[in-house]
Protein chains: 2
Amino acid sequence: MSEREPKPGRPPRAVDVAAAAEVSTATVSRVFNNPEKVAPAIRERVLAAAKAMGWMPHAAGSALARRRSSIVGAVIPTLDNEVFAAQVGAMQAAFAERGITLLLSCFNYNQDQAVHDVQAMLARGVEALAIVGEAHRPELFASIQARHIPYVVTYSHRPGSPHACVGFDNRQAFHTIARHLLDLGHETIGVIIQPTAGNDRVAARLDGVRAALAERGLGVRPQHLREGEWSIDFGRQSVRAILATDPVPTAVICGNDYLAVGALLEARAMGLSVPRDLSITGFDDIAISRQLDPPLTTMHVDNHEIGRRAADYLLACLEGERPAAMPPLVPTLIRRGTAAAPDLPARPA
Amino acid sequence: MSEREPKPGRPPRAVDVAAAAEVSTATVSRVFNNPEKVAPAIRERVLAAAKAMGWMPHAAGSALARRRSSIVGAVIPTLDNEVFAAQVGAMQAAFAERGITLLLSCFNYNQDQAVHDVQAMLARGVEALAIVGEAHRPELFASIQARHIPYVVTYSHRPGSPHACVGFDNRQAFHTIARHLLDLGHETIGVIIQPTAGNDRVAARLDGVRAALAERGLGVRPQHLREGEWSIDFGRQSVRAILATDPVPTAVICGNDYLAVGALLEARAMGLSVPRDLSITGFDDIAISRQLDPPLTTMHVDNHEIGRRAADYLLACLEGERPAAMPPLVPTLIRRGTAAAPDLPARPA
DNA sequence: ATCGCCGATGTAAGCGCTTACATAGATCGC
DNA sequence: GCGATCTATGTAAGCGCTTACATCGGCGAT
């Protein structure tokens with residue numbers, strides 16, 4: 001094997017490997033893309049030469065020639081939420097298995113940022129896109145569709161959505177959780193939730209709660225509704241505020257577990273007994289939730305599964321399949337220790 | 001403006017835009033890369049044509065021609081740890097500002113996986129790399145160095161490391177925390193820590209603890225040392241195991257906050273009073289730590305800062321600078337509620 | 001033996017973009 | 001008013017790879 005490096009400083013190119021292995025660049029390329037088309041002896045020679053000079057096909061070159069980038073993009077609000085981090089981790093793993101690279105971008109709940117990120121990814125030649133939520137500027141979806149690339153919306157599953165989606169019905173989920181509290185006997189229920197503006201998932205959640213209450217002739221009083229950033233701290237201050245209202249709710253539904261954790265911790269810090277004095281529910285079942293005392297009643301969502309399914313769907317599209325619409329995932333109610341029947345004073349009448 | 005699309009199905013190319021704007025492709029390229037070199041009138045024409053046909057420079061093509069990919073890679077153990085997620089988020093943001101795209105890969109604490117990931121990224125033409133930790137196979141660093149691309153190791157800052165690093169001295173940090181406990185009067189100290197094998201950061205932490213104890217003529221007894229996955233659950237079971245030994249430690253140092261949270265929760269569940277019966281310390285200051293009751297005594301590390309610095313360092317390298325070695329970050333001890341003087345029986349003598 | 005066929009390899013034309021170099025007006029000084 | 005000097009634009013040569021097509025042997029069938 002005569003693999004003297006050709007131009008010392010420069011990284012090797014396919015032609016260098018070809019020269020070293022005494023074959024053409026076509027054969028080198030075939031060895032890496034269609035090995036079965038190359039005689040074993042030659043294949044070994046090429047592999048040896050490549051390894052000796054540390055060569056690997058240069059992605060930009062092959063992307064250009066092949067007209068495929070082998071890159072897909074994930075557009076999420078933030079990695080600071082364990083839920084999205086899990087989804088991204090799962091997608092990354094699923095794609096890596098197929099030799100596909102994941103491009104990540106966090107739009108921080110800013111719709112303009114999301115549009116910008118998507119366009120940047122399109123310029124990068126992503127072959128597919130996964131996007132959290134469907135409440136985005138129309139031009140976001142328009143620019144994806146203009147490129148005719150497959151995409152999937154995650155965490156939403158609104159019946160009648162025009163997008164392929166991997167998620168669950170947020171409205172239904174919160175209907176379920178509200179119903180749970182209602183069935184336990186609660187009638188005055190507070191809600192601590194993320195900003196609904198520009199967030200379809202959250203809006204649907206609130207909607208689900210209202211619908212469930214309405215079915216029993218109840219509603220969420222304005223003073224019992226707190227909307228703000230999903231953080232433990234906002235959960236804390238909200239529960240404090242809600243408990244200072246009249247009438248005092250016997251239960252609080254939180255838009256996610258971070259809020260619920262805050263609510264739980266603050267309620268306990270205030271000397272309340274949970275769930276006796278106040279029931280609290282969360283959503284997502286983040287890692288800490290089951291650990292608290294009492295452990296949080298919440299709904300479990302399999303975020304890794306969402307990531308995996310989104311990846312599988314996109315992968316199928318890239319194989320040229322036209323996968324059927326996926327059935328929604330169904331979050332499961334996890335009854336733990338923070339929701340129980342209210343400890344009501346004896347009812348009059 | 002006569003921008004009839006040339007080949008209907010196909011995405012537009014620079015030449016299409018050039019035709020529409022009645023200029024050459026060189027000018028189109030300049031408009032997007034060196035706008036100041038193009039007369040304003042023409043610039044507008046090109047921009048208008050590009051917008052009309054939804055054209056953006058194709059990254060693979062320009063990467064090839066420019067011999068720059070504008071991609072950098074981040075190699076981390078997992079996104080499931082809030083610490084790394086934060087670092088990645090910060091890097092992504094810093095790079096996005098400069099038009100650089102972040103490629104992500106999670107090696108799940110598997111060294112072979114890390115080597116593989118790095119090589120895949122190199123093939124993708126990353127221009128720089130950030131890698132968590134320095135305990136990696138030699139070929140990992142060898143292949144990066146062979147490409148002569150800048151890289152930085154994060155979360156480690158071993159004096160004398162051959163790599164550029166953005167991190168802190170793990171040994172020193174744990175020396176500090178152990179010293180804190182020692183100064184409080186603890187003499188029997190347990191340790192719950194992540195696997196040290198193949199993890200330089202963790203090994204250094206344990207080392208720091210041992211060194212601090214040794215300075216007082218103390219040591220960690222084997223039955224007081226628990227090594228395992230960093231999870232809340234492992235923290236729980238470890239504290240239970242350690243409390244069943246003899247002598248019972250009066251304090252437990254945990255390798256990170258997840259372990260410490262588990263230890264704290266379990267100790268309380270066992271009916272112990274923390275810190276009276278047992279002091280517990282963590283490391284990282286994750287979001288939940290300050291929220292617990294009592295709030296966790298730990299060391300704060302600014303993970304966003306690490307991400308930002310790593311990004312800035314790499315960016316500087318890409319600008320051709322040869323940035324000076326960065327001083328280590330210094331984690332700060334956060335004295336909260338889980339570490340106090342031991343409640344010892346009156347000492348004999 | 002000869003022909004045709006097939007499988008293994010090589011040849012060369014791009015993929016879409018950037019940029020060194022060439023060119024052609026415009027501008028300026030004298 | 002003329003050449004020297006700029007500046008704005010165009011021309012065309014790649015960047016590193018893939019792949020359709022051409023080629024070349026070798027083999028089985030006749």
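Chain naming here is simple, since letters A, B, ... match the order of the sequence lines and numbering starts at 1 in each.
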| Spacing between B:His58 atom NE2 and C:dC15 atom P, to the nearest angstrom | 12 Å
| Closest contact, heavy atoms only, B:Met53 versus B:Ala20 | SD-CB, 4.1 Å
| query | How long is the line joining CG of B:Asn34 and C1' of D:dA8, in whole Å? | reply | 13 Å
| What distance separates B:Ile100 CD1 from B:Gln92 CD, expressed to the nearest 0.5 Å? | 12.0 Å
| query | Whole-Å distance between C:dA8 C1' and A:Arg45 CZ? | reply | 12 Å
| field | Rounded distance (Å) that lies between atom P of D:dG16 and atom CG of A:Asn33 | value | 17 Å
| query | So, is B:Ser62 near the phosphate of C:dC17, with a side-chain N or O under 4.0 Å from OP1 or OP2? | reply | no
| field | Interatomic distance, B:Phe32 CZ vs C:dT19 P [rounded to whole Å] | value | 15 Å
| query | Which comes earlier along DNA chain D counting from the 5' end, the contact point of B:Thr27 or that of B:Ala65, where each point is its nearest nucleotide? | reply | B:Thr27
| How close do A:Asn303 and A:Ala86 get, heavy atom to heavy atom, and via which atoms? | CB-CB, 3.7 Å
| field | A:Arg67 vs C:dC15: side-chain N/O to OP1/OP2 distance below 4.0 Å | value | no
| task | Could you pull out the closest heavy-atom pair between A:Ser143 and A:Gln119, with the gap in Å? | result | OG-NE2, 3.5 Å
| query | Would you say the base of D:dG10 and the side-chain of B:Arg30 have a donor-acceptor pair closer than 3.5 Å? | reply | yes
| said: Can you measure B:Trp55 atom CH2 to C:dG16 atom P for me and round it to whole angstrom units? | reply: 12 Å
| request: Take atom CZ of B:Arg66 and atom P of C:dT19, then tell me their distance rounded to the nearest Å. | output: 5 Å
| task | Could you tell me whether B:Val38 contacts a base, only the sugar-phosphate backbone, or nothing, with contacts defined as non-hydrogen atoms closer than 4.0 Å? | result | sugar-phosphate
| query | So, is A:Ser29 close to the D:dT18 phosphate, meaning a side-chain N or O under 4.0 Å from OP1 or OP2? | reply | yes
| Between B:Ala26 and B:Leu64, who's closer to the 5' end of DNA chain C by nearest nucleotide? | B:Leu64
| field | Shortest non-hydrogen contact between B:Ile76 and B:Leu79, atoms and distance | value | CD1-CD2, 3.7 Å
| said: If I take atom NZ in residue A:Lys37 and atom P in nucleotide C:dG7, what distance separates them, rounded to the nearest angstrom? | reply: 10 Å
